[in-house]
Amino acid sequence: MKKHKVTICTGTLCHVMGGSELPALSQFIPPQYLNQVEIKGSPCINHCKNQDMKPPFAEIDGDIFCEATIDKLVKELIKRIENDS
Amino acid sequence: MFIDADYGHKPKLGQIVCGDVFMNEKIKNENRLVAVLSDGLGSGIKANILAKMTASMALNFTVNNQPLERSAISIKQTLPICEVRKIAFATFTIVDTEFDGFTRIIEYGNPQFVVFRRNQLLALKTVVNAENELSVSEFNAEIEDRIILFSDGVSQSGIGRKDMPFGWGNCEMIKYIQNKLTHNPHISAKDLQKTIISRASLNDNLKPQDDTSCGVLYFRTPRQLILCSGPPYDKNKDAQMVEMVSNFPGHKVISGGTTAQIFARELKRPVEVDLSNVSPELPPIATIEGIDLVTEGILTLGKSAEILKNKEHNGVSSNNPAMLLSETFLNHDKITFLIGTRINEAHQDPKMPVELEIRRNVIKKIAYLLEKKYLKEVEIKYI
Ligand code: FES
């Protein structure tokens, strides 16, 4: 089965700019989809160096998400998983 | 030799403050440590003030190299005598110890302190001056010796209970400590002090009948810790920084995302963030093989400074990253900070909602607390 890879930035900047809840993402994914996602954290995914993008940051399958929220990420993941089938 | 010193107390049931006071000070350039335990008559705020007065007099006299006996006598003469009970308003024990081990202890009115060499009670030569009721002991402390001071609230805890009508008593207490030391030979001053106090309050069915306090001085080989935080000013020094930490003979901590990435890159090992234990308060910890603890930087350090300052390391949950970091500091004796001085441009953004304190200031604050409040040996290196 294809797994969708999520990377959450747990860096200082993303944390204080609204990302403090993101590390708990897995708790908000519908249980039936949990086995199709792989969530990892990273101490900084280096987008904060780019002034034009707004933190907090996360990546899904390599695509960058600015101003990430749990809601946004969960919706995106569901969309991607449902697209697979 | 390093002296790990810690104390704790529980006030008598119903009192907010404790009538026993423990103070200590390390005099760095003289390689000496002075510790004082004073027990004020009665309990509550009055006792606390008496004890505090006594302890600070004793500490200051001794720190300023007044001969122990003389300071003890001056203190005794200053202390008022209770009209009713004809006893002094506060008792005290002064420990003056040099880092090479030579130790003198002078005691007035407190229960006899105990000294353990590993797990054996050390018999000390004690000279008692009948006239002024001062007892003076001298000995040469060795590595793995412990001096344990306690107030009568400890030795007399449980008094009146059917199974211990006269209280816990020195004999039983010594057996208890001996047992602890046999099973846990390297127990820290903090943990030993804590178990003694909690046992004493258990004797009183958790309702202390008197102010209960205990201080422990533990002579040991220093446990070393290095904390590395912040990228080096000069990018070419990344490798040097990583090498300094890797070769460090002791516990290794990294505090900071960018720093963690430098290590991962130089050591060619992945950084893995631990998402199993997250709280919205602080970013989670991470792991890099070969490093003992990896945390986020400035927020975690700031929180840790707060914990160290308030000594509230009981309240916060134990897997909170700042809590882990604070515990790590306290479990070591000699702490080296290796601080990178490159400014993180991302933190300079005026749109940032919180003021992120400059790394250097937070580190200085932590270093100050560790040195003054917890008597650690601290060194800060900038790179
Ligand atoms: S702190 Fe999140 S991308 Fe750098």
Side-chain angles (χ1 to χ4, degrees), chain A residues 3-29 31 33-62 64-74 77, chain B residues 229-231 254-265 269-288 291 293-303 319-322 342-359 362:
Chain A
K3 278 207 176 199
H4 294 278
K5 291 203 170 71
V6 187
T7 308
I8 292 164
C9 175
T10 59
T12 311
L13 195 87
C14 290
H15 181 91
V16 296
M17 296 298 275
S20 60
E21 305 285 346
L22 295 180
L25 177 69
S26 68
Q27 295 163 21
F28 297 88
I29 293 177
Y33 293 150
L34 263 179
N35 58 352
Q36 298 175 51
V37 246
E38 187 187 310
I39 306 176
K40 283 207 323 210
S42 164
C44 175
I45 45 182
N46 297 323
H47 303 309
C48 55
K49 314 272 164 358
N50 185 340
Q51 299 278 348
D52 306 327
M53 294 199 291
K54 279 211 175 129
F57 298 105
E59 288 178 358
I60 299 182
D61 302 328
I64 307 165
F65 289 78
C66 315
E67 293 177 88
T69 59
I70 294 223
D71 204 44
K72 253 193 192 173
L73 295 178
V74 171
L77 276 167
Chain B
S229 183
I254 296 174
S255 209
T258 317
T259 321
Q261 284 180 320
I262 295 177
F263 275 80
R265 188 191 67 217
R269 294 176 198 155
V271 203
E272 278 169 33
V273 175
D274 176 9
L275 292 179
S276 62
N277 238 321
V278 295
S279 84
E281 201 194 351
L282 287 172
I285 59 166
T287 50
I288 299 177
I291 305 294
L293 178 64
V294 183
T295 73
E296 176 274 342
I298 207 76
L299 302 171
T300 312
L301 288 166
K303 182 74 192 164
N319 46 27
N320 172 306
R342 192 190 318 157
I343 304 268
N344 189 336
E345 309 106 44
H347 292 188
Q348 299 308 303
D349 186 345
K351 292 193 295 283
M352 291 283 292
V354 283
E355 53 175 295
L356 288 181
E357 256 188 289
I358 308 170
R359 189 188 310 272
V362 185

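Numbered from 1 within each chain, the chains take letters A, B, ... in sequence-line order.
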Undergrad: Is there a side-chain contact between Ile8(A) and Val273(B) (heavy atoms, below 4.5 Å)?
TA: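 Not in contact.
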Undergrad: Side chain, backbone, both or neither: which part of Leu25(A) has a non-hydrogen atom closer than 4.5 Å to chain B?
TA: neither
Undergrad: Is there side-chain contact between Pro283(B) and Thr12(A), with at least one heavy-atom pair below 4.5 Å?
TA: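 Heavy-atom side-chain distance check fails, nothing below 4.5 Å.
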Undergrad: Under a 4.5 Å heavy-atom cutoff, which of Cys14(A), Ser42(A), Gly18(A) has the most pairs with chain B?
TA: Ser42(A)
Undergrad: Among all residues two or more places apart in sequence or in another chain, which pass the side chain to side chain contact (heavy atoms under 4.5 Å, CB included) test with Lys5(A)?
TA: Glu38(A), Asp61(A)
Undergrad: Of the backbone (N, CA, C, O) and the side chain (C-beta and beyond), which part of Val278(B) lies under 4.5 Å from a heavy atom of chain A, both, or neither?
TA: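 The side chain, not the backbone.
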Undergrad: Mind checking what makes salt bridge (charged side-chain N to carboxylate O under 4.0 Å, His left out) contact with Asp71(A), not counting sequence neighbours?
TA: Lys75(A)
